[in-house]
Amino acid sequence: MQLADPITQPQFYRDVTTKRFFAWVIDVIIVALVSLLIVPFTAFVAAFFFLGLMGVVGFMYRVITLATGSATWGMRVMAIEIRDQHGARLDLGQAFLHTVGYTVSWAIAPLQLISIVLMATSNRGQGLTDVVLGTAAINRKV
């Protein structure tokens with residue numbers, strides 16, 4: 001089993017880049033809300049480190065949701081999921097590596113720009129982390 005071919009089966013990749021953007025917006029909102037809920041339990045100390053808290057919450061959220069359903073909640077709303085090079089759902093190790101790649105891309109701005117360009121120009125809409133790991137986001141309801 002392998003990933004769908006973007007030439008012979010384009011329906012798997014149709015509008016995936018746009019859906020990934022909207023999924024990302026939904027995920028950022030979810031992570032921000034969860035982080036806001038955590039702040040009072042830290043005696044409001046976390047308010048001084050809110051972006052760091054969001055980073056930790058976001059990392060855990062992404063690993064857990066990718067490992068349990070191969071998609072974050074935002075991706076699930078947008079009906080897309082990440083598949084590995086064999087077309088299978090991500091396991092915990094792959095979810096962790098994908099999240100590490102995503103985090104590094106956000107930490108180093110040129111890598112994120114490269115990732116965006118790749119998503120906008122590649123047949124499969126793969127970002128930099130996807131290219132390195134051999135993963136791709138596909139439409140779930142095909």
Side-chain angles (χ1 to χ4, degrees), residues 1-42 45-142:
M1 186 162 99
Q2 289 188 340
L3 279 172
D5 185 305
I7 304 300
T8 60
Q9 298 173 307
Q11 67 273 20
F12 282 96
Y13 303 101
R14 191 168 290 123
D15 301 322
V16 166
T17 302
T18 303
K19 289 179 178 183
R20 284 182 90 161
F21 172 74
F22 287 113
W24 176 80
V25 170
I26 293 167
D27 291 334
V28 168
I29 291 168
I30 291 168
V31 168
L33 290 174
V34 170
S35 298
L36 283 171
L37 290 173
I38 291 171
V39 169
F41 293 102
T42 66
V45 173
F48 296 104
F49 308 101
F50 190 71
L51 290 178
L53 175 64
M54 277 190 65
V56 170
V57 169
F59 192 92
M60 292 186 331
Y61 162 80
R62 191 167 180 82
V63 169
I64 292 167
T65 56
L66 286 177
T68 58
S70 211
T72 63
W73 291 343
M75 291 176 191
R76 292 173 196 185
V77 168
M78 298 308 299
I80 58 174
E81 60 188 16
I82 307 275
R83 295 294 182 109
D84 71 9
Q85 66 271 19
H86 304 294
R89 291 179 173 218
L90 301 184
D91 60 24
L92 178 59
Q94 293 168 320
F96 178 78
L97 290 174
H98 200 279
T99 303
V100 167
Y102 169 82
T103 304
V104 169
S105 290
W106 272 104
I108 303 170
L111 294 180
Q112 187 61 18
L113 291 174
I114 291 168
S115 191
I116 291 167
V117 169
L118 285 171
M119 277 189 250
T121 60
S122 67
N123 288 342
R124 288 191 166 118
Q126 294 171 293
L128 184 58
T129 300
D130 294 318
V131 171
V132 170
L133 296 177
T135 58
I138 62 169
N139 286 310
R140 192 177 47 194
K141 296 178 182 179
V142 174

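Heavy-atom basis, side chains included; hydrogens, waters and symmetry copies ignored.
Heavy-atom minimum distance, M54 versus V31: O-CG1, 3.5 Å. Residues L90 and R83 approach most closely at CD2-C, 4.3 Å, considering heavy atoms. Shown here for A136 and R124, the closest heavy-atom pair between the two residues is CB-CD, 4.2 Å. The two residues I64 and T68 make their nearest non-hydrogen contact at O-OG1, 2.8 Å. Closest approach of Y102 to W24, counting heavy atoms only: OH-NE1, 3.0 Å. The shortest heavy-atom contact between A67 and A95 is N-CB, 3.6 Å.
The closest donor-acceptor contact from the side chain of T135 to the backbone of I82 lies at 3.5 Å or more, if one exists at all. Judged purely by atom type and a 3.5 angstrom limit, R20 uses its side chain to pair as donor or acceptor with the backbone of G125. Side-chain N or O atoms of D130 include none that pairs as donor or acceptor with a backbone N or O of A137 at under 3.5 Å. No donor-acceptor pair closer than 3.5 Å links the side chain of Q112 to the backbone N or O of A107. Side chain of R76 to backbone of T65: a donor-acceptor contact under 3.5 angstrom is found. Put simply, the side chain of S115 never gets that close to the backbone of L111: no donor and acceptor are under 3.5 Å apart. Checking side-chain atoms of Q94 against main-chain N and O of D91 turns up a donor-acceptor pair under 3.5 Å. Between the side chain of R89 and the backbone N or O of A71 there is no donor-acceptor pair closer than 3.5 Å.
Here D27 contributes atom CG and I30 contributes atom CD1; the two are 5.5 Å apart, rounded to the nearest 0.5 Å. Atom CG of residue D84 and atom OG of residue S70 lie 8.0 Å apart, to the nearest 0.5 angstrom. Distance check, rounded to the nearest 0.5 Å: CG of L92 to CG of L97 gives 9.5 Å. Taken to the nearest 0.5 Å, the CZ atom of R140 stands 11.0 Å off from the CE atom of M75. Within the model, atoms CG of L113 and CD1 of I108 stand 12.0 Å from one another, a figure rounded to the nearest 0.5 Å. In this structure, CG on N139 lies 12.0 Å from CD on Q9, to the nearest 0.5 angstrom.
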inquiry  = Working note: V131 + Q126, criterion side-chain contact (heavy atoms from CB on, under 4.5 Å); need CA distance, chi angles, decisive distance, verdict.
reply    = CA-CA 6 Å; V131 171; Q126 294 171 293; 4.0 Å; yes
task = Report the C-alpha separation of W73 and I26 in whole Å, then their side-chain angles, then the decisive distance to 0.1 Å, and conclude whether the side-chain contact (heavy atoms from CB on, under 4.5 Å) test is met.
result = CA-CA 8 Å; W73 291 343; I26 293 167; 5.7 Å; no
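Not counting sequence neighbours, the partners of F59 by the ring-ring contact (aromatic ring centres under 6.0 Å, His included) test are F96.
Atom CZ of F50 sits in a crowded spot, with more than 12 heavy atoms from other residues, nucleotides or ligands closer than 6.0 Å.
Neither side chain, Y13 nor N123, offers a donor N or O lying under 3.5 Å from an acceptor on the other.
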